[in-house]
Undergrad: 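Quick one: the structure is below, and I'll ask about it shortly.
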2 protein chains.
Amino acid sequence: MDIQLKRGLLDVCVLAAIGDSDAYGYQIIKDISPHVEITQSTLYPILRRLEEADCLSVRSEEYNGRLRKYYRVTPAGKSRIKEFKQDWAEIQEIYSFIAERTQAT
Amino acid sequence: MDIQLKRGLLDVCVLAAIGDSDAYGYQIIKDISPHVEITQSTLYPILRRLEEADCLSVRSEEYNGRLRKYYRVTPAGKSRIKEFKQDWAEIQEIYSFIAERTQAT
DNA sequence: CATAATACTATGCGGTGTATAGTATTATGC
DNA sequence: GCATAATACTATACACCGCATAGTATTATG
């Protein structure tokens with residue numbers, strides 16, 4: 001699939017995947033993977049970006065000697081999702097524009 | 001609107017806007033603008049990219065002393081549109097994933 | 001006669017997906 | 001018992017693309 005199409009979707013995907021739970025990176029990858037292709041090198045930067053934007057709050061905890069970072073969606077994160085849904089209406093219109101003009105194709 | 005969401009859509013928008021006609025840059029901007037925000041600094045690089053990818057064929061012609069480049073969608077361009085439509089089905093699924101997990105939001 | 005519209009070109013920035021590589025622990029299979 | 005896989009993170013570096021900015025040059029308009 002064209003990479004560019006996924007841009008802007010992934011951030012919200014991660015927020016949606018975390019939902020109301022307390023999730024950590026590796027778990028999120030496993031959760032999302034069946035639905036959307038995502039690797040560590042994609043996810044971890046996203047998590048850091050979302051944290052910097054205050055869309056996620058983070059709590060570090062040790063689990064079996066390994067450090068785990070648990071993420072939780074903040075109110076700002078929920079607003080982000082809401083905005084995304086509004087944007088999506090516009091995206092749909094753009095798609096309609098394309099679909100209408102390429103019926104024969 | 002989030003810029004990232006538009007990525008990957010614009011290329012196909014341009015192909016769709018040209019359709020079966022013989023269009024030039026400035027005209028395309030005027031055609032698309034009511035539906036999708038697009039400026040010269042966005043469109044012209046897109047046209048060059050699509051040309052390099054053989055999705056567009058180009059013919060230069062003088063019009064009132066000004067040089068005009070007329071673009072036409074090639075078979076490869078039409079394939080590109082077809083692929084996009086297939087990709088869109090996947091994108092819709094990703095959106096569903098998000099929508100389902102954020103009903104309360 | 002100035003301003004707007006037309007129609008291109010070129011440069012550079014910033015955001016982001018991802019490849020690659022590194023570190024370190026625990027669980028599993030032969 | 002030891003290699004391999006799974007777990008769980010970090011850091012660096014590249015390529016793509018939307019867009020801002022700026023420049024050039026002609027034609028149409030008030």
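Proteins get letters first, then strands, A, B, ... in listed order; numbering begins at 1 in each.
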Undergrad: Atom CG of B:L43 to atom C1' of D:dT21: distance rounded to whole Å?
TA: 17 Å
Undergrad: Could you give the distance from NZ (B:K6) to CD (B:E37), rounded to the nearest 0.5 Å?
TA: 5.5 Å
Undergrad: By nearest heavy atom, map A:K69 and B:R49 onto DNA chain D; which one lands nearer the 5' end?
TA: A:K69
Undergrad: Give the rounded distance in Å between these two atoms: CZ of B:R59 and P of C:dC8.
TA: 12 Å
Undergrad: Test your reading of the model: is there a side-chain donor-acceptor pair from A:T74 to the backbone of A:C55, 3.5 Å cut-off?
TA: yes
Undergrad: Regarding B:K85 and A:T102, do their side chains bring together a donor and an acceptor under 3.5 Å, going by distance alone?
TA: yes
Undergrad: Roughly, in whole Å, what's the span from CG in A:D2 to C1' in C:dT18?
TA: 14 Å
Undergrad: Nearest 0.5 Å please: distance from the CG atom of A:L9 over to the CD1 atom of B:I94.
TA: 5.5 Å
Undergrad: Report whether A:L67 and A:Y44 are members of the same hydrophobic cluster (ILVMFWY, side-chain heavy atoms less than 4.5 Å apart, transitive linking).
TA: no
Undergrad: Measure from OH on B:Y44 to P on C:dT6 and round the result to the nearest Å.
TA: 11 Å
Undergrad: Using a strict threshold of under 4.0 Å (side-chain N to carboxylate O), is an ion pair present between B:K78 and B:D20?
TA: yes
Undergrad: Any protein N or O atoms within reach of nucleotides 1-4 of chain C? Criterion: under 3.5 Å, listing atom names and distances.
TA:
none

Undergrad: For DNA chain D, find the residues of residues 8-41 of chain B with a heavy-atom distance under 4.0 Å and give them by number; none if there aren't any.
TA: B:G8, B:L10, B:S41
Undergrad: Rounded to the nearest angstrom, tell me the gap between atom CZ in B:R48 and atom C1' in C:dC8.
TA: 9 Å
Undergrad: Could you tell me the separation between the CZ atom of B:R68 and the C1' atom of C:dA5, rounded to a whole number of Å?
TA: 12 Å
Undergrad: Dot-bracket for DNA chain D, please. Rules: Watson-Crick or G-U, both distances under 3.5 Å, ( ) within the strand, [ ] when a pair crosses earlier ones, | for another strand, . otherwise.
TA: ||||||||||||||||||||||||||||||
Undergrad: Whole angstroms only, please: what is the CD-C1' distance between A:Q4 and D:dC16?
TA: 6 Å
Undergrad: Does this structure show an ion pair linking A:R49 with A:E51, if we count only N-O contacts that are shorter than 4.0 Å?
TA: no
Undergrad: Where the side chain of A:I3 is defined as all heavy atoms beyond and including C-beta, which of D:dC19, C:dT18, D:dT10 is the nearest nucleotide?
TA: C:dT18
Undergrad: Whole angstrom is fine here: how far is it from CD in B:E61 over to C1' in C:dA7?
TA: 14 Å
Undergrad: Would you please confirm or rule out a distance under 4.0 Å between OP1 or OP2 of C:dT16 and any side-chain N or O of A:K6?
TA: no
Undergrad: Run the salt-bridge test on A:D87 and A:K82 with the 4.0 Å N-O cut-off and return the result as yes or no.
TA: no
Undergrad: Would you say D:dC16 has OP1 or OP2 under 4.0 Å from some side-chain N or O of A:R7?
TA: no
Undergrad: Under 3.5 Å, side chain of B:D22 to main-chain N/O of B:Y70, donor-acceptor pair present?
TA: no
Undergrad: Residues in side chain to side chain donor-acceptor pair (under 3.5 Å) with B:R66, at least two apart?
TA: none
Undergrad: What is the minimum heavy-atom distance between A:A23 and A:I28, and which atoms define it?
TA: CB-CG1, 3.8 Å
Undergrad: How many angstroms lie between CZ in B:R68 and OH in B:Y26, if you round to the nearest 0.5 Å?
TA: 11.0 Å
Undergrad: Under 3.5 Å, which N/O atoms of the protein pair with N/O atoms of nucleotides 26-29 of chain C?
TA:
| from | atom 1 | to | atom 2 | distance (Å) |
| --- | --- | --- | --- | --- |
| C:dT26 | OP1 | A:N64 | O | 3.4 |

Undergrad: Going by the rule side chain to side chain donor-acceptor pair (under 3.5 Å), which residues pair with B:Y95 if we only count those two or more places apart in sequence or in a different chain?
TA: none
Undergrad: Taking A:S21 for its side chain and A:I18 for its backbone only, find out whether a donor-acceptor pair lies under 3.5 Å.
TA: yes
